[in-house]
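Everything below concerns the one structure shown next.
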Amino acid sequence: MKYPKEIVLKDCTEVLIRPLAEADEPALRRFYSEIPEEDRWYMRLDVMDPAVIRGWVRDQQEVISIIALVAGEIVAHARLHTHKYGCYHHQGRLRIIVAPAYRQKRLGSWMLLDLIHLAMEKGLREIRADLVVGVEQPAIESACKLDFFKKAVLEDFVIDPRGQRHDLLIMTKQLHKDWGDF
Ligand SMILES: CC(C)(COP(=O)(O)OP(=O)(O)OC[C@H]1O[C@@H](n2cnc3c(N)ncnc32)[C@H](O)[C@@H]1OP(=O)(O)O)[C@@H](O)C(=O)NCCC(=O)NCCS
């Protein structure tokens, strides 16, 4: 992948996509502090904990991040979680979050395509997304459009902030050696 990369959103906003750097720590903390609690709830880690953000910016051996910026401020963060060893080492798990003001302008799709490309470059065979049915529906739609398929549904597996249970959908996409096979 060649970075930094300039893209133009549906509404003509110019966005820069590049890998996360150590100096981005304060900007990434600012980004997450403006993400609604309702979205943060479904992440596996507490992004309001400075140690979590510090971990992502300082060590990108297993969790690789790309960010999208507008006028120097982060407007989206996408992560590929990988494993160096063991039964999951062929697989990457992804997570994308776009700032509410920048949603439905195709930024999520750009980030998703880049994560797929990154995973291919790393030689991964499969990419996975775990999504909450009825809550993360936009992400499910978006993943379907890029040939992710349902692998399993864990019924009543996660709990929303009001204590209600939801199904967790595990979606995967098989990766090929190059875009020609895509
Ligand atoms: C999921 C998320 C990353 C999508 O980002 P985005 O920039 O809004 O997505 P895009 O504009 O690229 O949309 C891609 C497709 O997703 C679907 N989609 C996006 N938002 C949607 C919505 N609110 N309702 C229904 N479908 C939606 C559409 O099919 C869209 O394709 P189209 O533009 O051809 O209509 C964003 O909504 C988000 O950050 N949500 C909160 C966190 C989350 O759910 N993360 C997913 C974990 S991987």
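Counting starts at 1 for both ligands and their atoms, following the listed order.
- When M171, E141, R95 are checked for heavy-atom proximity to atom 47 (C) of ligand 1, R95 turns out nearest.
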R44 and D130: CA distance, side-chain angles, deciding distance, salt bridge (Lys or Arg N to Asp or Glu O under 4.0 Å) verdict
CA-CA 10 Å; R44 289 179 193 224; D130 296 2; 2.4 Å; yes
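- In terms of protein heavy-atom proximity, atom 11 (O) of ligand 1 is nearest to R106 N, 2.7 Å.
- At a 3.5 angstrom cut-off on N or O pairs, A139 does not count as close to ligand 1.
- Taking each of I96, I35, D39 in turn, the one with a heavy atom nearest to atom 43 (C) of ligand 1 proves to be I96.
- For ligand 1 and K10, the ligand atoms under 4.0 Å from any heavy atom of the residue are 33 (O).
- For E14, the CD atom sits in a loose shell: 12 or fewer heavy atoms of surrounding residues, nucleotides or ligands are nearer than 6.0 Å.
- The distance criterion of under 3.5 Å between nitrogen or oxygen atoms is not met by I97 with respect to ligand 1.
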Side chain to side chain contact (heavy atoms under 4.5 Å, CB included), that's the test. Do R18 and I66 meet it? Break it down for me.
CA-CA 6 Å; R18 64 162 171 81; I66 52 170; over 6 Å; no
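- Taking the six-membered ring where the residue is Trp, Y88 and H83 present tilted rings, their angle falling between 30° and 60°.
- Here L112 has no heavy atoms under 4.0 Å from ligand 1, in either its backbone or its side chain.
- Protein heavy atoms are absent from the 4.0 Å sphere centred on atom 2 (C) of ligand 1.
- Atom NE2 of H89 has 12 or fewer heavy atoms from other residues, nucleotides or ligands within 6.0 Å.
- Per-residue contacts place L131 under 4.0 angstrom from the following atoms of ligand 1 (heavy atoms of the residue considered): 47 (C), 48 (S).
- Judged purely by distance below 3.5 Å, without hydrogens or angles, the side chains of D160 and H166 pair a donor atom with an acceptor atom.
- Look at E155 and R165 and you find no salt bridge, because none of the NZ, NE, NH1 or NH2 atoms lies under 4.0 Å from a carboxylate O.
- Here the options are K151, M171, R93, the test is side-chain contact (heavy atoms from CB on, under 4.5 Å), and the partner is R128; only R93 passes.
- Annotation: atom 38 (C) of ligand 1 to nearest protein heavy atom, R103 NE, 3.5 Å.
- Numbered from 1 in the order shown, with element, the atoms of ligand 1 that lie under 4.0 Å from a heavy atom of E136 read 44 (O).
- Looking only at heavy atoms of the protein, atom 31 (O) of ligand 1 is closest to K145 NZ, 2.9 Å.
- Between Y32 and W56, the ring planes are tilted. Angles from 30° to 60° get that label.
- The protein heavy-atom contact nearest to atom 4 (C) of ligand 1 is G108 CA, 4.4 Å.
- Within a 6.0 Å sphere centred on NZ of K5, other residues, nucleotides and ligands contribute more than 12 heavy atoms.
- The protein non-hydrogen atom at the shortest distance from atom 39 (O) of ligand 1 is V98 N, 2.8 Å.
- One option in S109, P138, S142 has a heavy atom closer to atom 24 (N) of ligand 1 than any other, and that option is P138.
- Residues E136 and R95 are paired through a salt bridge, judged by an N-O separation under 4.0 Å between the basic side chain and the carboxylate.
- Near K105, meaning under 4.0 Å from one of its heavy atoms, ligand 1 places the atoms 11 (O).
- For atom 8 (O) of ligand 1, the closest non-hydrogen atom on the protein side is Q104 N, 2.7 Å.
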